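Here's the structure, in structure tokens; my notes come after.
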Amino acid sequence: MKGVSGLNPRQKEAVLHEGGPLLILAGAGTGKTRTIAYRIARLVETGSPPESVLAVAFTNKSAGELRDRVRALLRKKKKAPLVTTFHSFCVRVLRQEIERLGYKRNFTIYDTTDQLSVVKEVAREVHVSGRDLDAKKVLWTISRAKNDGGAPDPGDGTDEYLLLASRLYPRYADALKAYNAVDFDDLLLLALRLFNTFPDVLRRWKERVRHILVDEFQDTNAVQYDLVRLLALPVGNITVVGDDDQSIYGWRGAAPGNIHSFAADWPRVKVITLDQNYRSTVGILEAANAVISKNAGRKPKKLWSNLGQGDPVRVVTCATGEDEAEAVIGRIVALLASRKCRAGECAVMFRTNAQSRLFEDVLRREKIRYVVIGGMRFYDRKEVRDLIAYLSFVFNERDEVSLLRVLNYPSRGIGRETVHRLQQESLSGGRPLTEVMRRAGSLEGIGSRQARGIADFLELIDQARSWFGPGRLSYGARRLAETVGLEDAAMRSVKDPEAGWRKAENIREVITALATFEQQEPQAGLGEYLAGVNLAGRDEEDSDSSSETVTLLTVHSAKGLEFPHVFLVGLEEDLFPHERSGADPGGMEEERRLAYVGMTRAGRTLTLTHAVGRTRWSKDMVCTPSRFLDELPEEGIEREDRRDGEEEVDLIEEDRIAEEYIKRIRARF
DNA sequence: GACGGAGGTCTTTTT
DNA sequence: GACCTCCGTC
């Protein structure tokens with residue numbers, strides 16, 4: 001490990017802090033990741049066994065970043081400490097201990113899509129379906145309650161959705177358990193339950209984990225904090241790092257109050273504040289500080305930088321969303337042409353994933369390589385999910401969601417009525433669906449053709465199970481895909497042959513990914529791969545990122561990252577701040593923190609853009625500039641208006657918007 | 001009873 | 001634009 005000579009006195013103090021609770025209040029760009037990385041490395045170098053050090057972060061991205069830094073410091077001399085996300089750590093615990101809670105070891109992790117299927121299914125049991133059911137809202141309510149550590153509260157019974165959610169929750173939980181599946185929230189909740197219920201389990205993990213470090217502490221929820229607190233008690237070798245100005249996960253149940261109550265929970269705590277920013281120029285910091293200072297009830301603090309005033313922050317007014325993409329990518333093209341920077345130093349950040357498309361179109365046209373982080377994930381594509389569902393069902397035959405997905409895909413003549421009949425039988429007999437299916441031939445109400453299809457399907461899956469094994473994952477997947485004709489089905493599912501070909505390609509890409517995984521983890525089985533898909537699917541696409549690709553990402557996924565040139569786009573009322581942020585109290589302040597996070601990602605230049613008209617939901621809308629633009633300081637801002645002297649296309653576009661605007665005004669009176 | 005096409009509805013952020 | 005539901009046809 002390199003010495004600590006490159007650190008400032010307070011960073012050094014944090015690194016050298018001997019033991020006991022440590023709270024590091026670290027503003028944006030103050031060398032937070034660097035400081036924890038050094039601290040972890042030092043713990044290992046001064047004699048802590050690497051496996052006794054556990055560092056947890058909130059997102060895969062920040063965990064990965066921290067892991068890389070620690071590895072670089074330790075070189076390959078030592079075994080690396082465990083640097084991971086809360087969810088992955090819990091998977092590790094559960095794979096070893098979950099049988100104590102009555103699950104089987106080969107449990108499946110359900111993602112949001114899987115969860116929605118379960119909600120719809122249990123809602124059907126109580127005769128709520130179709131238009132009467134907002135499954136997303138029910139799921140959200142359940143998830144929110146679980147993040148706070150419990151079941152949804154029906155309240156006083158006047159809120160229809162709370163009532164429905166609390167009514168469906170027990171059925172939802174039972175269904176998951178019957179399918180030997182857990183959702184994201186369960187990962188945390190069940191690990192906590194294990195620690196709380198079985199003292200020997202807790203003791204074992206406490207003996208193993210001697211030092212805990214938590215990054216982005218302001219984003220932890222009640223369950224996550226309980227987990228680390230249990231592990232750290234009573235010795236208190238716990239280090240937490242956070243910044244309440246960067247708390248942007250309140251909507252997911254994060255409790256930024258954790259950061260304030262930390263000192264009360266750990267009386268011997270040492271508090272260290274980092275406020276020198278090593279990332280951004282003074283101009284960028286001043287702009288960001290001006291915006292965040294509009295939040296009430298915030299602990300006043302100011303970051304400082306000695307990187308010089310730098311270029312002014314630019315605010316660009318664009319005619320339309322398309323024009324905005326032209327403006328931003330045009331600027332990047334110019335930067336690249338002048339050889340002032342590489343593509344990898346540029347990032348476009350937006351509030352919602354849907355905004356990426358316009359930028360992608362222009363980037364493709366300009367033949368600039370780019371990566372989109374998140375968004376429509378590779379693993380969210382239908383054809384990919386179909387193959388993954390086959391794999392999931394082969395792995396865990398109780399996984400009913402995956403079973404129902406593949407049972408009649410590609411078509412085997414097993415339609416809705418037959419499936420319904422099977423489910424009915426499974427429910428009334430309390431038997432797993434697969435068991436019912438094995439007796440389908442003798443079941444009343446199931447035709448002989450259907451029974452034949454079911455039997456063939458089961459035989460296929462039984463056969464397929466023998467195709468998989470450590471080191472044979474990609475072989476099994478390829479054989480399975482070929483046998484059921486997945487590629488053909490994918491090609492036939494769309495009219496455009498080009499799109500069909502791409503879909504087939506995606507299926508082959510999953511098989512390639514399995515082959516790669518096999519090489520990296522020769523001992524691992526299907527379960528490890530599937531857990532990785534659901535927990536870290538987003539990181540797959542990151543492997544494409546390099547110094548030659550422009551990065552497109554939401555502000556949420558940008559947290560913890562930095563780029564020399566940042567373009568923060570779509571700064572319009574109802575988009576950023578988002579229209580739905582007004583729903584809960586504190587929503588607007590969270591939006592402002594989000595804007596702050598976005599702005600403080602920038603090192604050398606920051607460009608903020610907004611459009612006066614934008615097509616949303618295939619409707620043209622008039623857009624007012626975001627209030628956050630009004631909150632910028634008077635000085636040090638360079639403004640540009642692209643609506644003047646534009647090409648004809650944009651003028652026509654503008655006329656169209658003006659017309660729409662007039663229509664709206666008329667409609668109002 | 002299965003399947004494909006047409007039309008209506010809703011769009012935040014992540015593990 | 002994506003997803004879901006409904007409806008007509010085989």
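When reading the values below, keep in mind they use all heavy atoms of this one structure, side chains included, and skip hydrogens, waters and symmetry mates. All chains are named by letter (A, B, ...) in the order of the sequence lines, taking the proteins before the strands, and each is independently numbered beginning at 1. Values in this document were obtained by computation on a predicted structure and should not be read as measured data.
Rounded to an integer number of Å, the gap from A:E216 CD to B:dT15 C1' is 14 Å. Per the geometry, CD belonging to A:E591 stands 8 Å off C1' belonging to B:dT13, to the nearest Å. If you take CZ of A:R144 and C1' of B:dT13, they are 13 Å apart, rounded to a whole angstrom. Taking atom CZ of residue A:R592 and atom C1' of nucleotide B:dT13, one finds them 17 Å apart after rounding to whole Å. A straight line from CG of A:L422 to C1' of B:dG1 spans 14 Å, rounded to a whole angstrom. Spacing between atom CG of A:N60 and atom P of B:dT13 amounts to 17 Å, rounded to whole angstrom units. Separating the CG atom of A:L594 from the C1' atom of B:dT14 is a distance of 12 Å, rounded to the nearest angstrom. Look at CD on A:E579: it is 12 Å from P on B:dT13, rounded to the nearest Å.
Between A:S557 and B:dT14, a side-chain N or O to OP1/OP2 separation shorter than 4.0 Å is present. The phosphate of B:dT15 has neither OP1 nor OP2 within less than 4.0 Å of any side-chain N or O from A:T112. Taking 4.0 angstrom as the limit, A:N408 places none of its side-chain polar atoms (N or O) nearer than this to OP1 or OP2 of B:dA2. Contact annotation: A:R357 side-chain N/O to C:dG1 OP1/OP2 distance is under 4.0 Å. Taking 4.0 angstrom as the limit, A:Q450 places a side-chain polar atom (N or O) nearer than this to OP1 or OP2 of B:dA2. At the phosphate of C:dC4, OP1 or OP2 sits under 4.0 Å from a side-chain N or O atom of A:K120. Under 4.0 angstrom from either OP1 or OP2 of B:dT14 there lies at least one side-chain N or O belonging to A:N353. OP1 or OP2 of B:dC3 has at least one side-chain nitrogen or oxygen of A:S411 nearer than 4.0 Å.
Among the nucleotides B:dT12, B:dT14, B:dG1, the one closest to any side-chain atom of A:T554 is B:dT14. For A:E417, the listed nucleotide lying nearest its side chain is B:dG1; candidates were B:dT15, B:dG1, B:dT13. The side chain of A:T59 lies closest to B:dT15 when the candidates are B:dT15, B:dA2, B:dT13.
In terms of the ring-ring contact (aromatic ring centres under 6.0 Å, His included) criterion, A:Y172 has no residue partners (sequence neighbours excluded). Scored by the side-chain contact (heavy atoms from CB on, under 4.5 Å) test, A:N295 finds A:I292, A:R298, A:E589, A:R592, A:R593 as partners (sequence neighbours excluded).
Applying the 5.5 angstrom centroid cut-off and the 30 degree plane-angle cut-off, the aromatic ring of A:H578 is stacked upon the base of B:dT12. Lacking a ring centre under 5.5 Å from that of the base six-membered ring together with a plane angle below 30°, A:F86 does not count as stacked on B:dT15.
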Test log, rule ring pair (Phe, Tyr, Trp, His ring centres under 6.0 Å), inputs A:Y529 and A:F395: CA-CA 11 Å; A:Y529 174 74; A:F395 172 66; over 10 Å; no

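Nearer the 5' end of DNA chain B, as judged by each residue's closest nucleotide, is the contact made by A:K136, out of A:K136 and A:H87. Between A:H556 and A:R412, the residue anchored closer to the 5' end of DNA chain B is A:R412, taking for each the nucleotide with the nearest heavy atom.
Side-chain contact check for A:E383 and A:N506: at least one donor-acceptor pair (N or O, by modelled atom type) lies under 3.5 Å.
Paired with A:Y249 under the rule ring-ring contact (aromatic ring centres under 6.0 Å, His included), one option of A:F58, A:F86, A:F217 passes, and it is A:F58.
For a distance-only test at 3.5 Å, the side chain of A:R252 fails to qualify as a donor-acceptor partner of the base of B:dT13.
Side chain of A:N221 to backbone of A:Q224: a donor-acceptor contact under 3.5 angstrom is found.
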